[in-house]
Structure formats: structure tokens, C-alpha cells
Amino acid sequence: MIVCECYTDFEEVMEMLTEERQAAILALLEKQQVVKSKELVEQLDASESTVRRDLATLEAEGELIRIHGGAKKKYTIDEEEAMEDKTIKNVHDKRLIAKKAVSTVQDGETIYLDAGSTTYECIEFLAAKKVTVVTNGIPHAVALVEKGVNTILIGGQIKPKTKAVVGATASAQLEQYQFTDAFLGMNGIHSTYGLTTPDVEEAALKKTALQQANQSYVLADASKFDKVHFVRVCELDDAILVTTAGNPWIERLDLDDKTMIWEA
């Protein structure tokens, strides 16, 4: 009987140690996205076979992807939400970000306002400025006109889900303009994969706007950080990131020194 109790206790201890090791592996992946097996052996004070078993278990559970000599963090490609759904999320943060982003806009400037729920919040703060706004967002164009802002809506195909104008016609028109500033929405911000979005055509339009602007700003609340989507738009340091003060991902993602961040 005593032997059985000791054996049971031993199993419980081993299970606890296994859980602790695997939790440590996932925590390390959160920080640096990729880990080497040799590094794990040293940090966990475990054998190579133990580390291999832990990585195999975590991969089977969908927590990571094993690669040669280690593992990398697993990402899911999220589906894009409809404009109506995005508009009601994190409204307070989006308003703070929008106000900060357009704070340097001066009278007489021509700016580009990308489609998206956070950029939509910029409209209220642009209403008092004598500017020209070019946009590919249909709701944005309507709201801007109602506020008395000189507005140009580019033409092209309309995406029913996001109410954004996209396509070759839109890109060709955008290439004819030069902007003082471009204010862009983005679905994913990641230290390794850069700025990403789910849609190929919207990504192309964002790239064009970046090229045509003297300065570009990406407006994003904390929910967009550490996310990866289907299409890469640009590097992190190709635009100023505007987010809320105290965004925990700023420290956790170990962003490059070249990445400029404004905190609202």
C-alpha cells in the first residue's frame, strides 16, 4: 500500500513538472517567436528527449509548430470582420488614437484616410480643419461630407463586408495624388511579420497610399498587436504606429528601435 501511494505521488510530481516545462516553453515563444531545442535543454535543465516529447505534445495540442532544431509560435489567420462589427469594439481607445493621429494636421493639407473603424473616428477631429480628404471608405466619405469637409472618394470595386473601395481602378487613381499624411488602418502588427491585412486588394491600396504620402500613420488599438494576417503590407518602421498609452504589447513584442510609436 505504501509503495502504491509513493508511486502515485511520483506520477503527480512528474505531471506537474511536465506542465511547468511546457508552460515555460510557451512563455518563451511569446517573447521571441522561435526557440531552439538546444536553448530549451539549457534553460529547462532537461534532456533532449524530454524537450522533444514536450514539443511534440504542444504541437499536437495546436500550441506551436515544430521546425528543424526547435519550434516556432503558431498563428491563426483571422477572418476580417464587417465594418459594422468593428465599429462597436474598443470605441474609447479608437477615439483617443484618432485624436492623437490627426493632431498635427494643418489647414490646407491634403490627406488620405483609409477605410476602417479606427480611421473613421478621425473624422470628428478633422471637421474643424480646412483640409482635403481622399478616402476609399464609403462610410467615411458620407460622414466627411456631412461634416463639411472637402472630400474625394476614389472609384473602384466595393467590398460589401468592409464598405471599402478597392481594385486596379482605385490604385490607379490613388497614384495620381500626393498626400501630406496618410492615416491607415491595419489588422495585424507583429515584430517579425510586420504590418498585415487579410485582403490582397486592400493591401495593395495601403501600399500605394504609403508611397504617395510624405508621412504615414498606422492607427491600431492593442487588439491588433501580435496578430498576423494573410498579406504583408510593409515593415513596422515604414509608418508611425499610433496606439493607446500603456499598450502592453509595446514591451512584449520587443519592437525595433527604428519603429516610431505615438501613444495616445
Side-chain angles (χ1 to χ4, degrees), residues 3-81 85-86 89-90 93 185-200 202-203 218 220-238 241 243-244 246-259 261:
V3 174
C4 291
E5 288 178 354
C6 291
Y7 183 71
T8 302
D9 290 344
F10 176 76
E11 283 186 323
E12 290 176 352
V13 170
M14 290 304 296
E15 183 178 351
M16 179 184 67
L17 291 175
T18 299
E19 291 176 354
E20 289 176 349
R21 283 196 316 273
Q22 293 176 1
I25 291 170
L26 294 176
L28 197 58
L29 277 174
E30 281 291 337
K31 288 185 62 177
Q32 61 191 56
Q33 320 307 320
V34 176
V35 293
K36 299 292 185 182
S37 295
K38 185 176 180 181
E39 178 184 6
L40 293 174
V41 167
E42 294 174 356
Q43 292 204 20
L44 301 175
D45 192 22
S47 66
E48 290 185 14
S49 59
T50 297
V51 167
R52 282 198 298 271
R53 283 197 301 272
D54 285 340
L55 294 181
T57 299
L58 291 169
E59 184 178 46
E61 293 173 353
E63 297 287 354
L64 53 77
I65 298 172
R66 284 189 292 173
I67 59 175
H68 180 69
K72 66 180 182 179
K73 187 175 178 181
K74 182 176 181 179
Y75 295 96
T76 56
I77 305 300
D78 297 333
E79 287 190 7
E80 187 167 20
E81 294 180 290
D85 296 330
K86 292 191 287 186
K89 293 184 177 180
N90 305 324
D93 286 353
M186 204 66 63
N187 299 80
I189 299 174
H190 192 274
S191 55
T192 301
Y193 301 103
L195 303 175
T196 57
T197 194
D199 184 86
V200 173
E202 283 206 58
V218 168
D221 61 60
S223 69
K224 305 298 178 62
F225 284 71
D226 201 38
K227 296 287 179 64
V228 180
H229 287 264
F230 181 53
V231 190
R232 186 188 184 104
V233 176
C234 63
E235 302 289 344
L236 289 179
D237 56 9
D238 287 332
L241 301 182
T243 189
T244 47
N247 182 342
W249 290 106
I250 299 300
E251 294 296 329
R252 291 175 66 180
L253 290 182
D254 191 26
L255 299 175
D256 192 284
D257 290 340
K258 294 186 295 183
T259 303
I261 299 171

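A quick note: this is a predicted structure, and the numbers were derived from the prediction, not measured. Just so you know, residue 1 is the first one in the sequence shown, and it goes up from there.
Remark: Glu235 engages Arg232 in a side-chain hydrogen bond (donor to acceptor under 3.5 Å, both in side chains) (not counting sequence neighbours). Shown here are the side-chain hydrogen bond (donor to acceptor under 3.5 Å, both in side chains) partners of Gln43, two or more places apart in sequence or in another chain: Glu39. Applying the side-chain hydrogen bond (donor to acceptor under 3.5 Å, both in side chains) test to Arg53 and every residue at least two apart in sequence or in another chain returns Thr50. Partners of Asp238 by salt bridge (charged side-chain N to carboxylate O under 4.0 Å, His left out), not counting sequence neighbours: none found. With sequence neighbours excluded, no residue satisfies side-chain hydrogen bond (donor to acceptor under 3.5 Å, both in side chains) with Asp93.
For the pair Leu26 and Gln22, the minimum side-chain heavy-atom distance is 4.5 Å or more. Residues Thr196 and Val233 are not in side-chain contact: their nearest non-hydrogen atoms beyond the backbone lie 4.5 Å or more apart. Side-chain atoms of Glu20 and Leu17, non-hydrogen and from C-beta on, do get closer than 4.5 Å to each other.
Smallest separation of non-hydrogen atoms from Thr18 and Asp54: CG2-OD1, 3.9 Å. Pairing each heavy atom of Asn187 with each of Lys227, the nearest pair is O-CB, 4.0 Å. Scanning both residues, Ala203 and Thr197, for their nearest heavy atoms gives CB-CG2, 3.5 Å. Minimum interatomic distance between Val51 and Ala46 (heavy atoms only, all atoms of both residues): CG2-CB, 4.2 Å.
Note that CG of Asn247 and NZ of Lys224 are 12.0 Å apart. Values are rounded to the nearest 0.5 Å. Between atom CH2 of residue Trp249 and atom OG of residue Ser223 there is a gap of 11.0 Å, rounded to the nearest 0.5 Å. The line from CZ of Arg52 to OG of Ser37 is 8.0 Å long, rounded to the nearest 0.5 Å.
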Checking side chain to side chain contact (heavy atoms under 4.5 Å, CB included) for the pair Leu195/Leu236: CA distance, chi angles, key distance, verdict? CA-CA 6 Å; Leu195 303 175; Leu236 289 179; 3.5 Å; yes
Set out, in order, the CA-CA distance, both residues' side-chain angles and the distance that settles side chain to side chain contact (heavy atoms under 4.5 Å, CB included) for Ile25 and Leu44, then state yes or no. CA-CA 9 Å; Ile25 291 170; Leu44 301 175; 3.8 Å; yes
Could you give me the CA-CA distance, side-chain angles and deciding distance for Thr192 and Val34, then say whether side chain to side chain contact (heavy atoms under 4.5 Å, CB included) is met? CA-CA 10 Å; Thr192 301; Val34 176; over 6 Å; no
Would you be so kind as to tabulate the donor-acceptor pairs closer than 3.5 Å made by side chains of residues 60-72, with sequence neighbours excluded?
residue, atom, partner, partner atom, Å
Arg66, NE, Glu59, OE1, 2.8
Arg66, NH2, Glu59, OE1, 3.2

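Residue Ile250 is tested with Leu241, Thr244, Ile261 for a side chain to side chain contact (heavy atoms under 4.5 Å, CB included); the sole match is Ile261.
Listed for the Thr243 side chain is a donor-acceptor partner under 3.5 Å among the backbone atoms of Ala220. The backbone N or O of Val231 lies less than 3.5 Å from no partner atom in the side chain of His229, so there is not a single donor-acceptor pair.
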